[in-house]
Amino acid sequence: MRLLGVACTVGGWLLAVAGLLISSSVLVRGLFAVIGIAVCLYGSLGALNGYYLERAIWKK
Amino acid sequence: MRLRKQRLRIFLAALAISGVVSLLNVCQLPGLRASSAEAATLTTDDLKNVSGPKTTDIAVKGDPGAELTGTVNDVTVADSKQGLTLADLANQAGQNKIAINFVWTLVTGFLVMFMQAGFALVETGLIRAKNANHTMMMNFMVYGLGLFAYWVCGFAIQMGGCAPIANLGGVYPLNGEFALTLFGKPWALFGTKGFFLSGATYDVGIMVLFLFQMVFMDTTTTIVTGSCAERWKYSAFCVSTIGLGALIYPLFGNWAWGGGWLSQLGANFGLGHGYCDFAGSGVVHAVGGITALAVAMQLGPRIGKYNRDGSPNAIPGHDLVFVLTGCFILAFGWFGFNPGSTLGASGNGCLRIGSIATNTMLAGCTGSFAALLYMWIRYGKPDASMAGNGLLAGLVAITAPSGFVATLGAAIIGFVAGILVCLGVEFFDRVARIDDPVGAMSVHGINGLWGVLSVGLFADGRSNYGGSWNGVSGAVTGLFYGDAGQLVAQLIGIATLLGAIFTLSYVWNWLVDVFVGQRVSAKVELAGLDIPEMGALCYPDFQLKTSDYSASSSATLQAVVK
């Protein structure tokens, strides 16, 4: 879960940067950037935070 | 009646025309004369006839009217035998410009340095009295730890390839940037000149730049201490801060401000003027907020913050006077943060400092107002700490666009920031369940990102800093004024902050956790960190509460202590 979170976070960033190379259209690059941001947020606040919430002290 | 009105109009029109004509006579005609060939033929010989007041007169009478001080006598002459030359005058003018810019940048840097006191007060006021010494000492030591790390390598990584900066005389020794060529494009990654400020970087302009950039970096490191307060091991804090100041902050700083790949998105990929961040909503605040998120997530919430069902408990701070005084100090320091980022007050559009300062003031006010309004409507009372956080949120958000937007844009950006900070605090508290005692992730993280985005929306294309920005000619223009490419450049900057910088911070702090251990023991946390971690209470004469957790979480507490 932790690895998935980190992978998603890095992957989202790479996706946003890849948009620069895939197309010269501003719209397509913008779309890639927005999807990249969404993947980053899932990785950090979804997967990675989920890992820590599962082990939270208040659940013990 | 109608005739009278017509006469009055004719009279007023005549008055206006005569006014304009006399104004032209006074102002424009001498100007035209000055631009004639007569002025262009000024030679060194003409300067021989220029004489200043006699020093003997000044010695006797003094200069109470300020008419005899600052004259031709004060112009430095290169060769006293030759006397005053045109070259002397030109050199003096150039030195005056750089002197103005040095003084401006240094004084605004001093203001930013004083913001450390504001952060210390805000954070200490928002935590419990039993941890006040620990929190104050974290805020105190980020200054020294960060400075050391930045001097050793941080500055070189960030600004080692940033030359030239015309406002500071060029800073030409900072000319080393490591770049990879991938897919036919250069990707500048980090600077290579300026380690220990040694060698050719022992340069007056570079020293000014170092001081200014250093206090910015220190702002970033102090953001993290707020989110991690009341449970962060002091030794872990020290190691974590050094990593942030030495590598993580400088890396993004290089990409945005040091000539790195993000700043070149315009020149290399045709996206507006590349990633634009005038004073650091992204570089300073979002990096701090995102690092705070990475560390706070690993630390986990304070004991007593959440009940077994996941519902949060409010843990009020111990001194609202500290909090609001700190907010005022921060707002004052922000007048160094944003206007100072021109790195000068003379030349290259630097007079826009007036507009930048006004934008800063406006956004802070609308942010504070919006947060106050939100809390009043939603909870029935005007919450003091959230009003303070709203002020800071507005200031954080306007930091990136302050140099590129008009006052209306600044007011809107600040207002949205004030709402966002309230929503952010609720989100982290109730949905993500990441404990942030001071709301730093919302103030600096969320609103840092909003500030970066708002450049791509509100930049009005009217700013002109020497005719270009990030190597692209023309003014920075956002989506609402016709350039969608600028918005995309800002979005890629946001993705980099959320993806690359978060991951770097997370991995670095995970290593700190493995080798040092990030969190204090439950016993220490319950007792308060002042005695176990720092060896002294902040308020030794006061009766302190050391077990102020709700009854509903007592079972959790007992389990943790065991």
Side-chain angles (χ1 to χ4, degrees), chain A, chain B residues 182-185 187 261 265 268-272 290 293-294 297-312 427-428 431-434 449 483-503 506-507 510 522 553 555-557 559-560 562:
Chain A
M1 192 76 165
R2 199 155 47 164
L3 268 179
L4 174 75
V6 173
C8 277
T9 312
V10 179
W13 169 52
L14 292 176
L15 199 64
V17 176
L20 290 170
L21 306 166
I22 288 167
S23 169
S24 59
S25 155
V26 170
L27 192 69
V28 174
R29 286 172 169 180
L31 208 64
F32 267 84
V34 170
I35 295 168
I37 289 169
V39 174
C40 283
L41 287 174
Y42 169 74
S44 55
L45 292 173
L48 207 52
N49 190 41
Y51 168 84
Y52 287 103
L53 283 180
E54 276 175 15
R55 291 154 182 78
I57 50 169
W58 46 269
K59 281 191 173 175
K60 288 173 186 170
Chain B
L182 292 172
F183 307 103
K185 302 278 185 189
W187 299 77
W261 67 274
L265 287 178
N268 292 338
F269 294 95
L271 291 177
I290 283 167
L293 172 69
M297 201 184 276
Q298 293 183 43
L299 279 173
R302 291 166 291 175
I303 295 169
K305 175 65 189 173
Y306 290 102
N307 303 315
R308 269 178 187 271
D309 61 358
S311 57
F427 170 78
F428 285 119
V431 182
R433 296 196 180 92
I434 302 169
L449 297 177
D483 188 359
Q486 188 61 53
L487 181 64
V488 176
Q490 301 305 110
L491 285 171
I492 291 171
I494 291 172
T496 306
L497 283 160
L498 290 171
I501 298 304
F502 175 86
T503 308
Y506 178 83
V507 171
W510 175 74
S553 62
T556 305
L557 201 64
V560 170
K562 276 176 190 172

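Below, chains carry the letters A, B, ... as their sequence lines are ordered, and counting in each starts from 1.
- Proximity to chain B is limited to the side chain of A:Leu41, based on heavy atoms less than 4.5 angstrom apart.
- In this structure the side chain of B:Phe502 reaches within 4.5 angstrom of the side chain of A:Leu48, judged on heavy atoms.
- Top candidate by heavy-atom pairs under 4.5 Å with chain B, chosen from A:Leu20, A:Val26, A:Val6, A:Leu15, is A:Leu20.
- Proximity to chain A is limited to the side chain of B:Leu265, based on heavy atoms less than 4.5 angstrom apart.
- Only the side chain of B:Ile434 has a heavy atom closer than 4.5 Å to any heavy atom of chain A.
- Note: B:Leu491 CG to A:Arg29 CZ = 13.0 Å, rounded to the nearest 0.5 Å.
- The side-chain heavy atoms of B:Phe428 and A:Leu45, taken from C-beta on, include a pair separated by under 4.5 Å.
- For B:Tyr506, the part sitting under 4.5 Å from any heavy atom of chain A is the side chain, from C-beta outward, and nothing else.
- In this structure the side chain of A:Leu21 reaches within 4.5 angstrom of the side chain of B:Phe269, judged on heavy atoms.
- For chain B, the option among A:Cys8, A:Ser44, A:Ala33, A:Gly5 with the highest count of heavy-atom pairs below 4.5 Å is A:Ser44.
- Heavy-atom distances place no part of B:Leu487 under 4.5 Å from chain A, backbone and side chain included.
- Separation of atoms OH (B:Tyr306) and CG (A:Leu53) is listed at 8.5 Å; rounding is to 0.5 Å.
- Enclosure of atom CH2 in B:Trp510 is not indicated, since only 12 or fewer non-hydrogen atoms of other residues, nucleotides or ligands lie within 6.0 angstrom.
- To the nearest 0.5 Å, atoms CZ (B:Arg302) and CH2 (A:Trp58) are separated by 15.0 Å.
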